[in-house]
Amino acid sequence: MTAPVFVVDELAVGGSVVVLDGPEGRHAVSVKRLRPGEDVVLTDGRGHWAAGVVEATEGKDRLIVGGLDGVHEEPAPAPRITVVQALPKGDRGELAVETMTEVGVDAIVPWSASRCITQWKGERGVKALGKWRATAREAGKQSRRVRFPEVADAATTKQVADLLAGADFAAVLHETGEQPLATADLPAEGEIVLVVGPEGGVSPEELQLFAEAGAKPYVLGPTVLRTSTAGVAAAALLLGRTGRWG
């Protein structure tokens, strides 16, 4: 996709035009400053999309889109890549979500690891999860995706282990790994699940539980990356090795 992407709740091209209003319309008219004749893409963020042309703008927050060519569906990519991201400090979680969305991760699972300084509890957790999901949506639009990554509810260590047990390839980024992720035998289909620990590292107890679920420890390289960047680097490597990039 090269044209700017905008989200609609339900993508059904039944009429001659679609009106974008509210935040999406405001962004298109007042921020992107789109004008009649420019191409746009409308999507529901779940793989369905339609190409159209700006016909008119109204005020500061209404965009009229016509010339719609029908609804298309982008196939789900294979293998599917899920990153389990331990909760970083401050706004580094949103940074991780933003960049993983841009590179093409399919799902992100926030993980409350035992060594996480940040813990999502009560209203704070609800607000933080909302920020992660909003970030994935905006980054999906920015990177011209029509299938945005799913951001799951925060998972416990037991829930992460269950997720790893059902994967076709399960890995934990950890310094005890004897094999580089770059040389791992990856599946062509199915689900890849990658665990990124917190700044304090994955605890021995967590590592043991994940091993029992079938996840091996791997290293990326000789340097140590922050938790907010390790997932991005690893995902880029996996995307290239599985043929999804290229």
J.: Backbone N or O of Glu74 within a donor-acceptor pair of the Arg147 side chain at under 3.5 Å?
T.: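 Side chain of Arg147 to backbone of Glu74: a pair is present.
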J.: Please identify which of these residues, Glu199, Gln85, Arg92, meets the side chain to side chain donor-acceptor pair (under 3.5 Å) condition with Thr227.
T.: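 Checked Glu199, Gln85, Arg92 against Thr227; only one passes side chain to side chain donor-acceptor pair (under 3.5 Å): Gln85.
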J.: With rounding to the nearest 0.5 Å, note down the distance linking OG1 in Thr157 to CD in Gln159.
T.: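 Result: 9.5 Å between the selected atoms.
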J.: Checking side chain to side chain contact (heavy atoms under 4.5 Å, CB included) against Val84, which of Val160, Leu194, Val196 comes through?
T.: Val160
J.: Under a 3.5 Å distance rule, please check whether Thr99 uses its side chain to pair with a backbone N or O of Ala96 as donor and acceptor.
T.: yes
J.: Tell me whether the count of non-hydrogen atoms from other residues, nucleotides or ligands lying under 6.0 Å of CZ in Arg115 goes above 12.
T.: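 Enclosed: over 12 neighbouring heavy atoms sit under 6.0 Å from CZ of Arg115.
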J.: Does the Arg244 side chain pair with the main chain of Gly104, one donor and one acceptor, at a distance under 3.5 Å?
T.: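 Yes, because the side chain of Arg244 sits within donor-acceptor range (under 3.5 Å) of the backbone of Gly104.
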J.: Do any N or O atoms from the side chain of Asp168 and from the backbone of Glu191 form a donor-acceptor pair under 3.5 angstrom?
T.: yes
J.: For a side chain to side chain contact (heavy atoms under 4.5 Å, CB included) with Pro77, tell me which candidate from Leu239, Thr242, Asp106 qualifies.
T.: Asp106
J.: For the side chain of Asp21 and the backbone of Arg62, is there at least one donor-acceptor N/O pair under 3.5 Å apart?
T.: no
J.: Say you draw a straight line from CG of Leu207 to OG1 of Thr176; how long is it, rounded to the nearest 0.5 Å?
T.: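 Reported value, rounded in 0.5 Å steps: 5.0 Å.
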J.: Got a sec: does the CD of Glu73 have more than 12 other heavy atoms crowding it under 6.0 Å?
T.: yes
J.: Salt bridge or not between Glu24 and Arg137? Use side-chain N to carboxylate O under 4.0 Å.
T.: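 Yes, Glu24 and Arg137 are salt-bridged.
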J.: Can a salt bridge be assigned to the pair Asp185 and Arg241 using a cut-off of 4.0 Å between side-chain N and carboxylate O?
T.: no
J.: Is there a donor in the side chain of Glu205 and an acceptor in the side chain of Ser114, or the other way round, less than 3.5 Å apart?
T.: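 Side-chain D/A pair, Glu205 to Ser114: absent.
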J.: Would you compute the distance between atom CG of Leu63 and atom CD of Glu55 and round it to the nearest 0.5 angstrom?
T.: 10.0 Å
J.: Once the angle between the rings of Trp120 and Trp132 is folded into 0 to 90°, is it parallel (under 30°), tilted (30 to 60°) or perpendicular (over 60°)?
T.: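 If you compare the ring of Trp120 with that of Trp132, the planes turn out perpendicular.
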J.: If we ignore hydrogens and angles and just use 3.5 Å, is the side chain of Thr118 paired with the main-chain N or O of Pro88 as donor and acceptor?
T.: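 Answer holds: yes.
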